[in-house]
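Here is the structure we will look at, set down as structure tokens.
FYI, side chains are in, hydrogens and waters are out, and symmetry mates aren't considered; it's all heavy atoms of this structure. Every value quoted in this text rests on a predicted model; they were computed, and no experiment measured them.
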Amino acid sequence: MAITKKELIKFMDELVELASEENKSRAILVKEKFINDFERSYEYEKEVQTEIAELPPYYIAAMPDLIQEEIKAKVIAALTECGECTPENVERAMSSKIYDLDDLIDIKEYVRRMEEEQRKKAEQKWGKGR
């Protein structure tokens, strides 16, 4: 039975969720490297590629502290504006994946920054190994 790219990514995301919080960033890097290598090895049909969500599942807790603080400030402002700013709602938002906050704040800038950071780390790591 063949597996689609979407199914592969879903499976890998589930594996990443099993990683401890300390290893979450490393697990995401390994997943991205595996998927990139897999894509180079096998070709996909055009329609399968367009089904993949454009925003990867980055956990806010795995992001650098500075980015987390920026996100938290925007989350608090957005929740205050809609009258739902409670410590529980803020905590729930901060422990979620970044794309879960898409309806609350603009997340594209954070996703772009995380992708750049992960790409640099992966290049450094894989560049040193060669």
Side-chain angles (χ1 to χ4, degrees):
M1 181 173 107
I3 186 170
T4 66
K5 182 178 178 183
K6 186 174 185 176
E7 291 168 334
L8 175 64
I9 290 173
K10 183 176 187 269
F11 173 74
M12 296 298 286
D13 287 343
E14 290 170 0
L15 287 178
V16 166
E17 288 188 33
L18 295 175
S20 65
E21 289 302 316
E22 299 85 38
N23 291 323
K24 193 78 66 180
S25 295
R26 185 167 175 245
I28 290 170
L29 282 174
V30 170
K31 177 197 91 166
E32 294 297 322
K33 168 87 170 91
F34 177 84
I35 290 173
N36 287 337
D37 289 348
F38 188 83
E39 286 177 337
R40 282 187 221 113
S41 300
Y42 302 96
E43 294 192 21
Y44 297 97
E45 295 178 21
K46 191 103 173 142
E47 63 233 27
V48 173
Q49 288 180 337
T50 58
E51 290 178 15
I52 304 305
E54 64 182 62
L55 300 175
Y58 297 119
Y59 280 90
I60 296 168
M63 294 180 173
D65 293 340
L66 186 62
I67 293 176
Q68 287 184 44
E69 290 302 317
E70 286 179 35
I71 292 171
K72 187 173 186 176
K74 288 184 178 183
V75 164
I76 290 172
L79 289 173
T80 301
E81 188 176 304
C82 63
E84 296 179 11
C85 189
T86 64
E88 296 81 22
N89 286 346
V90 173
E91 182 63 32
R92 189 177 308 114
M94 294 305 293
S95 63
S96 67
K97 295 178 184 179
I98 189 69
Y99 67 79
D100 292 336
L101 301 179
D102 196 28
D103 59 337
L104 194 60
I105 64 172
D106 182 18
I107 64 167
K108 287 182 178 55
E109 175 65 21
Y110 300 109
V111 171
R112 185 189 60 74
R113 286 165 59 183
M114 289 305 298
E115 286 175 342
E116 282 180 18
E117 184 176 313
Q118 286 186 354
R119 183 184 49 76
K120 287 177 186 175
K121 285 180 183 177
E123 286 174 357
Q124 288 173 350
K125 181 178 180 177
W126 300 113
K128 290 179 183 176
R130 292 182 182 180

Problem - Atom pair CD/CG of Glu81 and Leu104 - distance to nearest 0.5 Å - result: 9.5 Å
Handout entry: Distance-minimising heavy-atom pair for Ile76 and Thr80
Key = O-OG1, 2.7 Å
Exercise for the section: Kindly write out the residues that satisfy salt bridge (charged side-chain N to carboxylate O under 4.0 Å, His left out) with Glu88, not counting sequence neighbours, or none if the list is empty. Expected result: none
Problem - Residue list, side-chain hydrogen bond (donor to acceptor under 3.5 Å, both in side chains) with Lys72, at least two apart or on another chain - result: none
Practice task
Identify the residue among Ile28, Asn23, Leu29 that makes a side chain to side chain contact (heavy atoms under 4.5 Å, CB included) with Val16.
Solution key: Ile28
Problem - Pair Glu109 + Arg112, salt bridge at N-O below 4.0 Å - result: yes
Handout entry: Rounded distance [0.5 Å steps], NZ in Lys120 versus CD in Glu115
Key = 13.0 Å
Exercise for the section: Give, for atom CG of Asn89 and atom CG of Leu79, the distance between the pair rounded to the nearest 0.5 Å. Expected result: 6.0 Å
Practice task
Group every Ile, Leu, Val, Met, Phe, Trp and Tyr by side-chain heavy-atom contacts under 4.5 Å, then state whether Leu15 and Phe34 land in the same group.
Solution key: yes
Practice task
State, with a plain yes or no, whether a side-chain heavy atom of Lys108 is found less than 4.5 Å away from one of Asp106.
Solution key: yes
Exercise for the section: Count the heavy atoms belonging to other residues, nucleotides or ligands that lie under 6.0 Å from CZ of Arg26, then report whether that count exceeds 12. Expected result: no
Problem - Tyr110 reachable from Leu66 in the ILVMFWY side-chain graph, under 4.5 Å edges - result: no
Practice task
Mind checking salt bridge (charged side-chain N to carboxylate O under 4.0 Å, His left out) for Glu69 and listing every partner two or more places apart, or none if nothing turns up?
Solution key: none
Problem - For Ile60, all residues meeting side-chain contact (heavy atoms from CB on, under 4.5 Å), sequence neighbours excluded - result: Gln68, Ile71, Met94, Ser96, Ile98, Leu101
Fill in the blank from the handout: Residues passing the salt bridge (charged side-chain N to carboxylate O under 4.0 Å, His left out) test with Arg119, sequence neighbours excluded, are Glu123
Problem - Test item: Glu17 and Lys97 side chains (from C-beta on) under 4.5 Å apart, heavy atoms - result: yes
Fill in the blank from the handout: Residues at least two apart in sequence or cross-chain that pass side-chain hydrogen bond (donor to acceptor under 3.5 Å, both in side chains) with Glu22, listed by chain then number, are Ser20
Handout entry: Heavy-atom neighbours of Lys24 NZ exceed 12 at 6.0 Å
Key = yes
Exercise for the section: Give the intermediate values and the outcome of salt bridge (charged side-chain N to carboxylate O under 4.0 Å, His left out) for residues Glu14 and Lys31. Expected result: CA-CA 11 Å; Glu14 290 170 0; Lys31 177 197 91 166; over 6 Å; no
